[in-house]
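Structure record follows, encoded as structure tokens.
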Amino acid sequence: MIINRRSYLLASLAAVPGIRLARAAATSLSTATVTGKVRGYSFDGVAIFRGIPYGGPTEGTARFLPPSKPSPWTGERDCTANGPRCVQGPANIFRHPVIGEYFGGGRPDRIELSEQTDSENCLNLNVLTPSLHGKRPVMVYIHGGGFTQGSDVLTVFGDRHVREQDVVLVGVNHRINVFGYTYLGGLSDKYAVGNPGQLDLITALEWVRDNVSNFGGDPANVTVFGESGGGAKISALMAMPAAKGLFHKAIIESGSQLSVASADDATEKAKTLLGKLGLIKPEELQKIPAAKLFQAAASLEANGAGPVIDGRSIPRQTWEPAAPEISATVPMIIGSCKDETALFTLQDTSLYNLDANGLRTALIKGGVPQGKVEPVTALYRRDYPKDSPSDLYFRIAADRAVRNRAVAQAERKVAQAKANVYMYHFEWNTPCGEGRVRAFHTAELPLVMRLTMYPESERLSKQLSAAWASFARTGNPSQNGLVWPAYTASTRATMIFDGSHSGAINDPDRDERIMLNDLPPGSMR
């Protein structure tokens with residue numbers, strides 16, 4: 001059934017005149033990198049290169065080790081198709097039944113354009129630029145999907161953002177899940193330097209430093225940005241000594257991760273993985289086929305894959321108790337969405353039709369202490385009297401799961417007093433899923449890339465795209481018609497992105513913010 005549907009979709013896409021026309025209109029071009037020439041294509045004013053190697057092989061004896069540089073090549077390397085993503089499950093956000101079309105901006109070619117193979121050798125990146133000449137701000141997108149899924153493919157859809165904002169856009173594939181976030185340093189000195197997935201990102205940023213000038217970019221003006229897991233990876237990068245100086249600004253969207261795993265906890269997970277595969281020595285993991293290794297580790301990753309304090313690549317805890325000093329001068333944009341959890345609870349249809357009693361039950365089930373339910377709901381009802389019980393549930397759940405961490409990260413950064421922080425809250429209710437998922441987790445990301453399926457989001461998309469690009473260019477996201485003050489401990493200015501009436505508000509939801517400090521944090525599911 002799935003295969004037939006896929007075949008039907010691809011056959012339908014092949015018949016879309018716009019796709020054939022786009023291919024016919026594209027012209028070939030090439031430029032140099034430190035390892036050899038690459039050939040891409042130009043379409044509608046944007047030069048596009050896909051699947052450029054930035055690292056060497058990571059399979060076999062290179063598995064779990066820090067990345068190497070790619071080997072030089074002769075001639076021109078074809079970089080006109082997507083490079084492989086890391087081995088993972090079959091998920092493709094552009095095929096998602098509720099938000100897939102939204103993420104593709106309604107483009108009929110979104111399935112074809114997002115197709116990728118899976119490979120353990122996945123160290124490649126995309127570059128989109130208005131010109132191979134010049135000195136533009138560089139925006140490096142680090143993908144989400146937690147630490148277990150995802151790819152750089154969204155950047156292939158970002159030509160409109162690149163064209164309108166005159167920036168260079170880079171998207172990075174790197175090792176994730178068991179391949180990028182298994183720590184074996186507690187079992188063998190060979191793997192003393194952990195976090196290979198994070199080190200891949202650093203190697204990609206080194207590639208940007210060494211090569212982006214040949215793509216019209218300025219290596220001295222690099223901004224990293226990412227949503228969800230991408231934001232969490234950036235949170236960790238900001239505490240990694242090897243990343244210092246490789247990026248100059250950071251945008252974290254619904255991904256404020258304040259701590260990483262301890263070496264002891266990560267070592268116990270590694271022992272469990274070995275036991276599951278019937279192995280004794282960690283070196284034996286290098287001989288396990290990639291697909292088998294991925295499947296064996298899947299249940300462990302459900303308990304939290306991610307970076308670890310290895311004492312080398314990450315020497316100490318990242319954002320606890322304070323912001324990392326090595327990135328103190330890096331300005332930041334930090335934010336979250338109003339209904340972060342709605343996308344992850346679609347199977348629980350009861351949450352979308354709650355009454356007052358159902359709201360109480362759902363909050364208790366979600367971890368709100370029984371004695372706190374009444375004051376919490378009373379406060380949110382006071383400030384949002386038009387919200388239904390379901391609206392209130394998702395608002396409260398998002399504040400507990402994501403917004404509280406975003407605020408904590410911003411306040412720890414502000415306490416350093418060495419770089420500006422800009423806070424936002426995305427509140428536009430998308431029409432996705434017949435309006436059920438509202439301002440869902442990742443809802444602003446396609447709009448930043450200027451992907452607009454719904455005409456009513458066009459103005460909002462322009463605001464987001466321009467703000468992100470303005471921040472990348474100057475360190476200040478303000479633009480004509482949208483003044484965005486920096487976040488401070490006294491004002492807590494926050495940009496509310498919401499349809500046609502976006503604007504900054506000082507300390508929005510102040511009482512809710514204070515109350516959240518007395519509640520246990522929530523989860524995304």
Side-chain angles (χ1 to χ4, degrees), residues 137-144 158 161 165 167 169-170 221-238 247-258 319 323-324 327-338 340 402-428 439 441-450 460-479 482-489 491-498 502-506 508:
V138 181
M139 300 184 68
V140 178
Y141 170 68
I142 297 177
H143 71 75
H161 173 68
Q165 300 302 332
V167 297
L169 178 63
V170 178
N221 190 10
V222 176
T223 298
V224 291
F225 73 109
E227 177 106 31
S228 188
K233 295 164 192 173
I234 293 169
S235 296
L237 281 175
M238 295 184 76
F247 60 91
H248 312 96
K249 306 173 192 75
I251 303 174
I252 294 179
E253 308 174 41
S254 301
S256 297
Q257 183 165 328
L258 304 178
W319 284 81
S327 56
T329 61
V330 175
M332 296 180 70
I333 290 177
I334 304 172
S336 62
C337 298
K338 175 173 66 71
E340 295 278 0
V402 182
R403 194 179 187 184
N404 57 346
R405 293 182 177 93
V407 169
Q409 187 173 50
E411 295 189 345
R412 293 174 191 183
K413 180 71 175 177
V414 164
Q416 291 180 310
K418 294 182 178 179
N420 281 343
V421 179
Y422 298 89
M423 176 69 76
Y424 76 90
H425 198 231
F426 184 85
E427 298 187 359
W428 180 58
H441 182 67
T442 74
E444 82 275 30
L445 187 55
L447 302 186
V448 169
M449 297 289 196
R450 295 293 285 120
L460 180 59
S461 174
K462 286 183 177 179
Q463 290 175 334
L464 284 158
S465 175
W468 266 228
S470 178
F471 179 74
R473 184 169 286 106
T474 69
N476 187 329
S478 295
Q479 56 192 273
L482 197 72
V483 178
W484 188 342
Y487 186 93
T488 68
T491 65
R492 293 190 169 87
T494 302
M495 179 60 67
I496 306 298
F497 285 109
D498 188 2
S502 299
I505 299 176
N506 285 346

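The heavy-atom pair separating Pro137 from Ala472 by the smallest distance is CB-O, 3.8 Å. Contact record, Met495 with Gly503: SD-C, 3.4 Å, taken as the closest heavy-atom pair. The heavy-atom pair separating Leu482 from Ser502 by the smallest distance is CD1-O, 3.9 Å.
Met332 contributes atom CE, which lies 4.0 Å from atom CE of Met238 (distance to the nearest 0.5 angstrom). The distance from atom CD of Gln479 to atom OG1 of Thr474, rounded to the nearest 0.5 Å, is 11.0 Å. Rounding to the nearest 0.5 Å gives a distance of 4.5 Å between CG of Leu445 and OH of Tyr141. Atom-to-atom distance recorded for Arg405:CZ and Ser336:OG is 11.5 Å, nearest 0.5 angstrom. Note that OG1 of Thr442 and CD of Glu227 are 5.5 Å apart. Values are rounded to the nearest 0.5 Å. Separation of atoms CD1 (Ile334) and CE (Met423) is listed at 5.5 Å; rounding is to 0.5 Å.
Judged by distance alone, the side chain of Ser478 and the main-chain N or O of Val483 form no donor-acceptor pair under 3.5 Å. Checking side-chain atoms of Glu340 against main-chain N and O of Cys337 turns up a donor-acceptor pair under 3.5 Å. Here the side chain of Gln416 pairs a donor or acceptor atom with the backbone of Ala323 at under 3.5 angstrom. Under a 3.5 Å cut-off, the side chain of His248 and the backbone N or O of Val222 do form a donor-acceptor pair. Under a 3.5 Å cut-off, the side chain of Lys233 and the backbone N or O of Gly255 do not form any donor-acceptor pair. Of the possible donor and acceptor atoms, one in the side chain of Lys413 sits under 3.5 Å from a partner among the backbone N and O of Ala328. For Thr488 (side chain) and Thr491 (main-chain N/O), a donor-acceptor pair under 3.5 Å exists by modelled atom type. Judged by distance alone, the side chain of Asn476 and the main-chain N or O of Ser470 form no donor-acceptor pair under 3.5 Å. A distance-only check finds no donor-acceptor pair linking the side chain of Lys249 to the backbone of Pro331 [under 3.5 Å].
Contact annotation: the side chain of Glu253 approaches that of Phe225 to within less than 4.5 Å [non-hydrogen atoms, C-beta and beyond]. Using a 4.5 Å heavy-atom threshold, the side chains of Ser235 and Ile252 count as touching. With contacts defined as side-chain heavy-atom distances shorter than 4.5 Å, the pair Lys338/Asp498 does not qualify. Residues Val448 and Ile251 form no side-chain contact, since every pair of their non-hydrogen atoms from C-beta on lies 4.5 Å or further apart. Val224 places a side-chain heavy atom less than 4.5 Å from the side chain of Val140. The shortest distance between side-chain heavy atoms of Leu258 and Arg412 falls below 4.5 Å.
Legend: residues meeting salt bridge (Lys or Arg N to Asp or Glu O under 4.0 Å) with Glu411, ordered by chain and number and at least two apart, are Arg492. Under the rule for a ring-ring contact (aromatic ring centres under 6.0 Å, His included), the partners of Phe497 that lie at least two apart in sequence or sit in another chain are Trp484. Residues forming a side chain to side chain donor-acceptor pair (under 3.5 Å) with His161 (at least two apart in sequence, or on another chain): Ser465. By the ring-ring contact (aromatic ring centres under 6.0 Å, His included) test, Tyr424 is found to be paired with Trp468, residues two or more places apart in sequence or in another chain being considered. For Arg403, the salt bridge (Lys or Arg N to Asp or Glu O under 4.0 Å) partners two or more places apart in sequence, or in a different chain, are Asp399, Asp509.
Judged as a salt bridge (Lys or Arg N to Asp or Glu O under 4.0 Å), not a single pair has a partner in residues 461-474 (not counting sequence neighbours).
For Tyr422 and Tyr487, the ring centers sit 6.0 Å or farther from each other.
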Set out, in order, the CA-CA distance, both residues' side-chain angles and the distance that settles side chain to side chain contact (heavy atoms under 4.5 Å, CB included) for Phe471 and Asn420, then state yes or no. CA-CA 11 Å; Phe471 179 74; Asn420 281 343; over 6 Å; no
